[in-house]
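Residue numbers begin at 1 in each chain, while the letters A, B, ... track the order of the sequences. Because the structure is a prediction, the values reported are computed rather than measured.
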Protein chains: 2
Amino acid sequence: MSQRKASGDAGRATIRDVAEQAGVSVASVSRVLSGNYPVSEELRRRVMKVVGDLDYVTNAHARSLAGGGTPTVAILINDITGAAFAHVARGVEGAATLRGWLSLVGTTGDDPERELALVNMMRQQGVAAVVLLGGAYDYDEYQLRMARFARSLDAAGSRLVLVGRPPLEGDVPATTVDYDNEGGAYAMASHLLSAGHRKVLVLPGHAELTTAQGRLKGARRAFEAYGVPFEPSMVRHGFYDYEHGYDAVQESLRDGLDFTAVLAGTDVVAAGAMQALRAAGLRVPEDVSIVGYDDIPLASQLTPQLTTVHVPYEEMGRVALRAVADRREGGPGRRKGDGDHLVLGTHVVVRNSVRPPAPRV
Amino acid sequence: MSQRKASGDAGRATIRDVAEQAGVSVASVSRVLSGNYPVSEELRRRVMKVVGDLDYVTNAHARSLAGGGTPTVAILINDITGAAFAHVARGVEGAATLRGWLSLVGTTGDDPERELALVNMMRQQGVAAVVLLGGAYDYDEYQLRMARFARSLDAAGSRLVLVGRPPLEGDVPATTVDYDNEGGAYAMASHLLSAGHRKVLVLPGHAELTTAQGRLKGARRAFEAYGVPFEPSMVRHGFYDYEHGYDAVQESLRDGLDFTAVLAGTDVVAAGAMQALRAAGLRVPEDVSIVGYDDIPLASQLTPQLTTVHVPYEEMGRVALRAVADRREGGPGRRKGDGDHLVLGTHVVVRNSVRPPAPRV
DNA sequence: TTGAAAGCGGTACCAC
DNA sequence: GTGGTACCGCTTTCAA
């Protein structure tokens, strides 16, 4: 019996096993496998034969320790079941795969502790980039926290990428991929206003959430542009979920609020709102118009199909990955700050959930 | 100038940097950090201080090479944007995180090539388990392919886990976490039949897909139990997506098919069917009843809310992870084959999309 | 309790 | 073109 594991033994075969069985040196095996070095056809054949027989794959850990290694991108997300973020993740993952990169996914569940733990875990993995997805709560410490992440990652040769939230202030080593959130809201609200709506219930989302802030701001600007007073009493904050949409409409109705349209912060909120309207015997869009935001598949699957703001989520994911990949390739001509803040456009998708308000009787 | 990087230099700090700056040996640093070995309070303090100053994290690759290392589970999925699978992924990820495991996610896009590449990539990473999510296409080579994956992974000390598909035949080293697919379909169809429906349009999904096969089989059994003839002409196959639901209903209507209910293969298909019915001026459930399968959030967000079969997706994910974790802990008392095939229950969730058929005029 | 040193599985530089 | 070998950063005996 040999001291080292014989073929068929437990544990993975190593490059040494392959070398031995092929009667060549480990260096040669390495060369054949990396393919970035000239080797004789004969040697290649011999090695590949054994690789096949042993079903050998190189140890990624050893490889990255020694220098090489597959770049990996980590995607950190609050909740993996969110449709919008799922699309960003798909964009990142797709682009990563295309380049032979690997992707890790971690969910934070809105817990700062877990977020920190995950960032550190990713740092341990030596990932090329950490992508943080989704709007952020704009607390005071937020900027500091992110700046710390950014520097920490940067020091380890990694890159922090913020997707779907505003860029960090000051000279922080991070990349931001954003979309025209406020502009989309402005356009969406304008659409409603130009259809003649004047009394609209606004459900922008949580007041502390950056995305909600932007959407609210855009809406307000549109109202100003149309010379329509913006009633604070017509604004209801809450989570970006179905329940919030439902509850907000139900309560507004109960409170006797007078509105002919609902401007929802997300498509899911719009879905909830729609359900509540129906439950109250109101028709959409005959009695009340509704618009959403995000343009996730749900929007076109509702009845009536939802008029909403299209956000290029998947594209954002791809762009984010391309940004870090490019910077990593680090071609000449890159200057500090180049492509550190990318913002994609949004646009209104008109479907069937808006009608001019019914004439007042 | 020292030869090694001074603090603040590029690249991550290493355990040696920490040791040096703390004036202790690397072994001591390692001990302090792993915490699984007695060290003096003084030493711990010194080390932790420097760790903080340098913002040091251990190199996960080096660690796993040397023996330790965080167990990692890889989740391979067709399309990350599918709601059902997202829930499984969440279950796996959550349970993994709970145990300090890491999770990798890869998407195959239904491409066997990519699937193979990913499995190998995960093997390189030395993952503890590879979880394959979702129904599979039941081609001839499928069993062989999976068996090969299973053995390959097994030889590398990893485990193949199949979630949401039938177990592999023969003595293959894999774990399967399944749900009572056929039973759910049986119950769902029975619900329709007992409400008086006799002419039902069945949209089970792709004929080659294992989940579709099970659902169709369950439905057929229910029809037999009720002594109702099962008309092949009332079955339309297709993808598990909204479009298929829409098109199938639209075509059936156009073909003059006579039905009072739709038994959809998934909630998403049901949503499409519902939309098509409406577009044709039919009311749900007054004119036509509809039921789905999966019980994803969409089901309760549709109007009317969808009666459907609840599948414990998230639970399946948790169970899958627990299964591999347990086997890894490998307590005594485990016997070969123990817990290699787990099947969870399903049940009908009654909501508002079913009514007895309208009396024939 | 702490330190020295032998690996873990590859890569890549240096000879031949 | 191919082989020998010094690392990569960490864990874990083995001694002291």
Side-chain angles (χ1 to χ4, degrees), chain A residues 3-5 9-48 50-51 54-71 121 123-126 156-157, chain B residues 3-5 9-47 50-51 54 56-71 121 123-127 155-157:
Chain A
Q3 302 178 282
R4 294 195 55 74
K5 51 189 162 249
D9 215 355
R12 311 160 60 160
T14 73
I15 196 173
R16 245 171 287 267
D17 297 332
V18 176
E20 210 164 300
Q21 192 160 333
V24 302
S25 73
V26 292
S28 294
V29 176
S30 175
R31 290 188 186 112
V32 168
L33 293 174
S34 7
N36 50 14
Y37 207 87
V39 283
S40 72
E41 194 43 47
E42 160 66 3
L43 200 160
R44 147 165 288 109
R45 256 197 339 87
R46 292 247 299 272
V47 170
M48 292 314 285
V50 177
V51 165
L54 263 44
D55 200 11
Y56 168 84
V57 286
T58 74
N59 181 321
H61 299 299
R63 185 204 285 259
S64 59
L65 228 204
T70 331
M121 189 166 254
R123 211 145 56 93
Q124 295 184 32
Q125 300 294 320
Chain B
Q3 301 177 285
R4 294 195 56 77
K5 48 189 162 251
D9 214 358
R12 317 161 54 161
T14 72
I15 196 173
R16 242 175 295 265
D17 297 332
V18 177
E20 213 164 298
Q21 191 159 333
V24 302
S25 73
V26 293
S28 295
V29 176
S30 173
R31 292 189 184 109
V32 169
L33 292 173
S34 4
N36 50 14
Y37 207 86
V39 282
S40 72
E41 195 42 49
E42 160 66 2
L43 199 159
R44 146 165 287 109
R45 257 196 339 84
R46 294 247 299 274
V47 170
V50 177
V51 165
L54 262 44
Y56 169 83
V57 287
T58 74
N59 181 321
H61 297 300
R63 185 203 285 259
S64 56
L65 229 205
T70 331
M121 190 165 255
R123 210 144 57 94
Q124 296 183 32
Q125 301 293 322
V127 299

Restricting both atoms to N or O, compile the protein contacts to nucleotides 10-12 of chain C shorter than 3.5 Å, with distance only.
unit_1: C:dG10; atom_1: OP1; unit_2: A:Tyr56; atom_2: OH; d: 2.6
unit_1: C:dG10; atom_1: OP1; unit_2: A:Asn59; atom_2: N; d: 3.2
unit_1: C:dG10; atom_1: OP2; unit_2: A:Ile15; atom_2: N; d: 2.3
unit_1: C:dG10; atom_1: OP2; unit_2: A:Tyr56; atom_2: OH; d: 3.4
unit_1: C:dG10; atom_1: O5'; unit_2: A:Tyr56; atom_2: OH; d: 3.1
unit_1: C:dT11; atom_1: OP1; unit_2: A:Arg63; atom_2: NH1; d: 3.3
unit_1: C:dT11; atom_1: OP2; unit_2: A:Ser30; atom_2: OG; d: 2.8

How many Å lie between [atom1] on [X] and [atom2] on [N], as a whole number?
X	N	atom1	atom2	answer
B:Leu65	D:dG9	CG	P	12 Å
B:Gln124	C:dG9	CD	C1'	13 Å
B:Tyr37	C:dT1	OH	C1'	8 Å

*If you fit an axis to the five pairs at each end of the helix from C:dT1-D:dA16 to C:dC16-D:dG1, how big is the angle between those two axes, to 10 degrees?*
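What I find for the helix from C:dT1-D:dA16 to C:dC16-D:dG1 is an axis angle of 40°.
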
*Only counting residues at least two apart or in another chain, list the ones meeting side-chain contact (heavy atoms from CB on, under 4.5 Å) with B:Ser25.*
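Residues passing side-chain contact (heavy atoms from CB on, under 4.5 Å) with B:Ser25: B:Ala27, B:Ser28.
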
So, the side chain of [X] versus the backbone of [Y]: is there a donor-acceptor pair under 3.5 Å, distance only?
X	Y	result
B:Arg123	A:Arg12	no
A:Thr14	A:Arg16	yes
B:Ser64	B:Ala60	yes

*Taking it one step at a time, do A:Asn59 and B:Gln125 satisfy side-chain contact (heavy atoms from CB on, under 4.5 Å)?*
CA-CA 6 Å; A:Asn59 181 321; B:Gln125 301 293 322; over 6 Å; no

Salt bridge (charged side-chain N to carboxylate O under 4.0 Å, His left out) involving [X] - partner list, sequence neighbours excluded:
X	value
B:Glu41	none
B:Arg44	none
B:Arg31	none

